[in-house]
Amino acid sequence: MIKEYNTIREVAGPLMLVEQVEGAKYEELVEIELPDGELRNGRVLEVNRDKALIQLFEGVTGVNIFNTKVRFKGKGMELDVSQDILGRVFDGQGRPIDKGPKIIPEKRLDINSSPINPYARDYPSEFIQTGFSTIDGLNTLVRGQKLPIFSGNGLPHSQMAAQIARQAKVLGTEEEFAVVFAAMGITFEEAQYFIQDFQKTGAIERTVLFVNLASDPPIERLTTPRLALTAAEYLAFEIGMHVLVILTDMTNYCEALREVSAARQEVPGRRGYPGYLYTDLSSIYERAGRIKGKKGSITQIPILTMPEDDKTHPIPDLTGYITEGQIVLSRTMHMRGIYPPVDVLQSLSRLKDKGIGEGKTREDHADVFNQLFAAYARGLEARELEVILGEAALSDMDRIFYRFAESYERRYIAQKETEDRDIAFTLDLGWELMATLPAAELKRIRPEFIEKYLSKYKEKVEAT
C-alpha cells in the first residue's frame with residue numbers, strides 16, 4: 001500500500017527529512033511529486049521513530065517543502081529480469097537506455113540480495129580463459145573466483161575490461177556463458193567506447209550492461225553494482241549460465257559511498273571513508289561464487305583505480321582482504337609501451353592451482369608457471385644490477401636471464417588489444433622462451449616434462 005505525505009521538514013543537499021511517517025523501512029523506495037507534477041525518485045536512508053531521511057536520486061533542485069508530496073512505495077529497489085536482458089543496456093536505476101523495448105519480466109528481484117551462505121558454497125575449480133597470457137598462464141582465473149584488477153589513473157584498465165568481456169570463455173564445456181558489465185562514474189565517452197566495442201564485436205549478444213555516468217547522481221553509483229549482481233544471480237542460479245561480472249570502477253563507487261556518508265553526518269573512518277566500508281564491499285564481492293546443486297556460477301573481476309597508485313589506500317587494501325588475489329597494473333611498463341602492463345611479480349591468483357593441470361588446461365601448466373616466474377624475477381634482478389653497477393658487472397648467466405626478461409616482456413606479457421590467445425598458445429610460448437635458458441637452470445620443471453616439451457622448442461630457438 002502506497003502512503004502519501006506532505007510533511008517535509010527540511011531539505012539539505014541531496015537529503016530530505018520527512019516527519020509524521022508511519023511504517024517506513026530502510027532502503028524503501030520513495031516517489032516525490034513536485035508542485036509542477038514532475039516525479040523524482042529516492043530511497044530511505046534512515047528511520048528514527050516517525051522521521052524518515054530520504055536521499056533523492058535526481059537531486060533536490062526545485063523542491064518546495066510546502067507543496068511537494070512524498071509517497072512511500074512499501075518496497076525496496078527491484079530489477080525486472082528475464083532472458084531478454086541479454087544484449088541490453090541499462091542505467092544505474094535498471095531502466096533500459098538502448099532505445100529497445102521495455103523488459104517484460106519473468107520475475108522482479110530485490111537488488112539487495114544476501115551474500116552466498118558459506119556452507120552452500122561449492123569450491124571454485126574450473127579454468128576460465130580470458131585470452132591474456134599474463135592472466136591465463138600466470139594468475140589463472142577460476143570459475144566462481146573474485147579476482148580484482150588494481151590499476152591507476154591513465155592506465156588501460158578500460159581496454160582490458162572490454163577485452164576480457166569479449167574474449168572470456170569456459171573451456172571444454174557446452175554450457176552457456178554470459179558477461180554482466182557494470183560501469184560506475186564513467187564519462188560519456190567511456191560509456192560509448194564500451195557499448196560500441198561490444199556492438200562492433202558481437203559480444204553484446206551475451207552481455208548485460210549497466211552504465212552510471214559521472215554526471216548521474218552519486219546514489220545511483222551505489223545501486224549499479226547491486227543491479228548487475230542481481231542480473232548475474234538470475235542468469236547463473238535460475239537460468240544455469242556461467243556469468244562473468246566486471247565492475248568498473250569500484251573507486252568511484254567508494255567515493256559515492258563516502259559522499260553519502262558525509263551527507264548523513266556519519267563519523268568518518270580512514271581517509272574520510274565510512275567505518276563500514278569493509279562490510280559494504282563484502283556485501284558486493286561475496287555475491288560471487290558457486291552454489292552446491294546449482295549449475296551456474298558467478299565469477300567477478302572488480303576493477304579499481306588506486307589513488308596515487310597507493311596499494312595501502314583503504315579501497316585496494318580492504319578489497320585485497322576480501323578477494324582471492326589481484327592483478328596489478330604497472331605504470332612503468334605502461335610508459336614503456338607494454339600492453340597489458342601487468343606487474344607479474346606483484347600479481348597473484350590464490351586459486352590458480354585449483355583451475356590448472358591435466359583435464360583443465362595442460363599437465364605442464366603449474367611447472368611452466370613456476371619456472372617462468374622464477375626466471376623473470378632473476379632477470380629483473382640482473383636488470384637492477386646492470387643499472388647500478390653497469391653491464392660489465394654482470395656474469396654470463398646474468399646476461400642470459402637479462403635477455404630472457406626483455407624477451408619475456410616483449411613477447412609473453414605484451415599482446416595486441418585484438419589478440420585472443422588460447423591457453424595452448426600461452427603454454428607453448430612459455431616453453432619457447434624457456435628454451436633460451438640452459439637446461440640446468442630449469443630447476444622447477446619435472447624431468448618428464450622437459451623431455452616431452454623442451455626438445456622441439458630448443459631446435460626452433462637454435463634454428464633462429
>> Within the structure provided, determine whether Asp317 and Thr319 are in side-chain contact (heavy-atom separation under 4.5 Å).
In response: no
> Taking C-beta and beyond as the side chain, do Ile8 and Val70 meet within less than 4.5 Å on heavy atoms?
Replying inline: yes
> Do Gln159 and Gln163 come within less than 4.5 Å of each other through their side chains, counting heavy atoms only?
Replying inline: no
>> If the threshold is 4.0 Å, N to carboxylate O, is there a salt bridge linking Lys107 and Glu238?
In response: yes
> What's the spacing between Phe237 CZ and Arg290 CZ if we round to 0.5 Å?
Replying inline: 10.0 Å
>> Strictly below 4.0 Å, N to O, side chains only: are Lys51 and Glu46 in salt-bridge contact?
In response: no
> Just checking, is any N or O donor in the side chain of Thr230 or Arg287 under 3.5 Å from an acceptor N or O on the other one?
Replying inline: yes
> Under 4.0 Å between a Lys/Arg side-chain N and an Asp/Glu carboxylate O for Glu38 and Arg40?
Replying inline: yes
> Is a donor on one side and an acceptor on the other found under 3.5 Å between the side chain of His365 and the backbone of Gly137?
Replying inline: yes
> Among side-chain atoms of Glu19 and Tyr5, is any donor-acceptor pair under 3.5 angstrom?
Replying inline: no
> Looking at CG of Asp343 and CD of Gln326, how far apart are the two atoms once the value is rounded to the nearest 0.5 Å?
Replying inline: 10.5 Å
>> Whether the side chain of Asp136 engages the backbone of Ile423 through a donor-acceptor N/O pair (distance < 3.5 Å, no angle test) should be reported.
In response: no
> Does a side-chain heavy-atom distance below 4.5 Å link Leu15 with Leu17?
Replying inline: no
> Looking only at atom types and distance, does a side-chain atom of Ser151 sit under 3.5 Å from a main-chain N or O of Thr305, one as donor and one as acceptor?
Replying inline: no
>> A side-chain contact here means heavy atoms from C-beta on lying under 4.5 Å apart; do Thr134 and Gln415 qualify?
In response: no
>> Salt bridge or not between Asp110 and Arg226? Use side-chain N to carboxylate O under 4.0 Å.
In response: no
>> Contact between Leu329 and Ile149 at the side-chain level, heavy atoms closer than 4.5 Å - yes or no?
In response: yes
> So among Thr248, Thr224, Asp280, which one has a side chain to side chain donor-acceptor pair (under 3.5 Å) with Tyr253?
Replying inline: Asp280
>> Please check this pair: side chain of Ser261 against backbone of Leu257, looking for a donor-acceptor N/O pair closer than 3.5 Å.
In response: no
> Hey, is NZ on Lys360 packed in by over 12 heavy atoms from elsewhere, all under 6.0 Å?
Replying inline: yes
>> Assess the residue pair His334 and Ile338 against the criterion (side chain to side chain contact (heavy atoms under 4.5 Å, CB included)); give the C-alpha distance rounded to whole Å, side-chain angles, the decisive distance to 0.1 Å, and a yes or no.
In response: CA-CA 5 Å; His334 177 62; Ile338 295 175; over 6 Å; no
> Do NZ/NE/NH1/NH2 and the carboxylate oxygens of Glu31 and Arg71 come within less than 4.0 Å?
Replying inline: yes
>> Check this for me: Gln83, atom CD, are more than 12 non-hydrogen atoms of other residues, nucleotides or ligands nearer than 6.0 Å?
In response: no
> Taking the side chain from Glu28 and the backbone from Val44, do they hold a donor-acceptor pair closer than 3.5 Å?
Replying inline: no
>> We want to know whether Ser297 and Arg143 form a side-chain donor-acceptor pair, criterion being a heavy-atom distance below 3.5 angstrom.
In response: yes
>> Using side chain to side chain donor-acceptor pair (under 3.5 Å), reason through Arg421 and Thr426 one step at a time and then give a plain yes or no.
In response: CA-CA 7 Å; Arg421 297 178 177 176; Thr426 291; 5.5 Å; no
>> To the closest 0.5 Å, what do you measure between CD (Gln192) and CG (Asp197)?
In response: 12.0 Å
Going by atom type alone, with no hydrogens or angles, which donor-acceptor pairs under 3.5 Å involve a side-chain atom of residues 90-97 and a protein atom two or more places apart or on another chain?
unit_1, atom_1, unit_2, atom_2, d
Asp91, OD1, Gln93, N, 2.9
Asp91, OD1, Gly94, N, 3.0
Asp91, OD1, Arg95, N, 2.8
Asp91, OD2, Arg95, NE, 2.8
Asp91, OD2, Arg95, NH2, 3.0
Gln93, NE2, Glu220, OE2, 2.9

> Do Asp122 and Lys294 sit within salt-bridge range, that is, some charged N less than 4.0 Å from a carboxylate O?
Replying inline: no
>> For Phe150 and His313: C-alpha separation, side-chain torsions, deciding distance, then whether ring-ring contact (aromatic ring centres under 6.0 Å, His included) applies.
In response: CA-CA 11 Å; Phe150 288 4; His313 188 277; over 10 Å; no
>> Tell me whether the count of non-hydrogen atoms from other residues, nucleotides or ligands lying under 6.0 Å of NZ in Lys416 goes above 12.
In response: no
> So does Lys169 have more than 12 non-hydrogen atoms from other groups sitting under 6.0 Å from NZ?
Replying inline: yes
>> Test of understanding: with side chain to side chain contact (heavy atoms under 4.5 Å, CB included), list the residues that count as partners of Ala165, not counting sequence neighbours.
In response: Val179, Phe181, Phe198, Ile246
> Where do Gln167 and Thr130 land on the side chain to side chain donor-acceptor pair (under 3.5 Å) test, with the steps shown first?
Replying inline: CA-CA 6 Å; Gln167 298 176 174; Thr130 66; 6.0 Å; no
>> Test of understanding: with side chain to side chain contact (heavy atoms under 4.5 Å, CB included), list the residues that count as partners of Ile322, not counting sequence neighbours.
In response: Tyr278, Leu281, Ser282, Tyr285, Glu286
> Counting heavy atoms not belonging to Tyr26, are there more than 12 under 6.0 Å from its OH?
Replying inline: yes
>> Has Gln196 got a side-chain atom pairing as donor or acceptor with Tyr193's backbone, closer than 3.5 angstrom?
In response: no
>> So that I can tick it off, tell me whether Glu409 and Arg336 are bridged by a salt bridge, with the cut-off set at under 4.0 angstrom between side-chain N and carboxylate O.
In response: yes
> For Gln199, what residues pass the side-chain hydrogen bond (donor to acceptor under 3.5 Å, both in side chains) criterion, not counting sequence neighbours?
Replying inline: none
> With sequence neighbours left out, what residues match Glu205 under side chain to side chain contact (heavy atoms under 4.5 Å, CB included)?
Replying inline: none
> Are Phe57 and Asp216 side-chain neighbours, meaning at least one heavy-atom pair lies under 4.5 Å?
Replying inline: no
> Is Arg362 salt-bridged to Asp428, going by a charged N under 4.0 Å from an acidic O?
Replying inline: yes
>> Between Arg350 and Thr323 (side chain of the first, backbone of the second, donor and acceptor by atom type, cut-off under 3.5 Å), is there such a pair?
In response: yes
>> If you apply the rule side chain to side chain donor-acceptor pair (under 3.5 Å), what do you find for Thr68 with Glu33, and how did you get there?
In response: CA-CA 6 Å; Thr68 298; Glu33 182 179 345; over 6 Å; no
> With Ala256, which residues qualify under side chain to side chain contact (heavy atoms under 4.5 Å, CB included), at least two apart?
Replying inline: Pro218, Arg221, Leu222
>> In the structure I gave you, are the side-chain heavy atoms of Met184 and Phe210 within less than 4.5 Å of one another anywhere?
In response: no
> Can you find a side-chain donor-acceptor pair between Thr7 and Gln20 that sits under 3.5 Å?
Replying inline: no
> Is Glu4 atom CD crowded by more than 12 heavy atoms from other residues, nucleotides or ligands, each under 6.0 Å away?
Replying inline: yes
>> For the CZ atom on Arg9, are there more than 12 heavy atoms of other groups (residues, nucleotides or ligands in this structure) within a distance under 6.0 Å?
In response: no
>> Would the distance check show the side chain of Arg331 and the main-chain N or O of Asn153 forming a donor-acceptor pair, the cut-off being under 3.5 Å?
In response: yes
> Just by modelled atom types, is the Gly185 backbone N or O under 3.5 Å from a matching donor or acceptor in the Asn212 side chain?
Replying inline: yes
> Parallel, tilted or perpendicular: which describes the rings of Tyr408 and Tyr376, with under 30° parallel and over 60° perpendicular?
Replying inline: tilted
>> If you count every heavy atom of other residues, nucleotides or ligands that lies below 6.0 Å from Tyr276 atom OH, does the total exceed 12?
In response: yes
>> Would Lys352 pass as a cation-pi partner of Phe127, given that its NZ or CZ must be under 6.0 Å from the six-membered ring centre and within 45 degrees of the axis?
In response: no
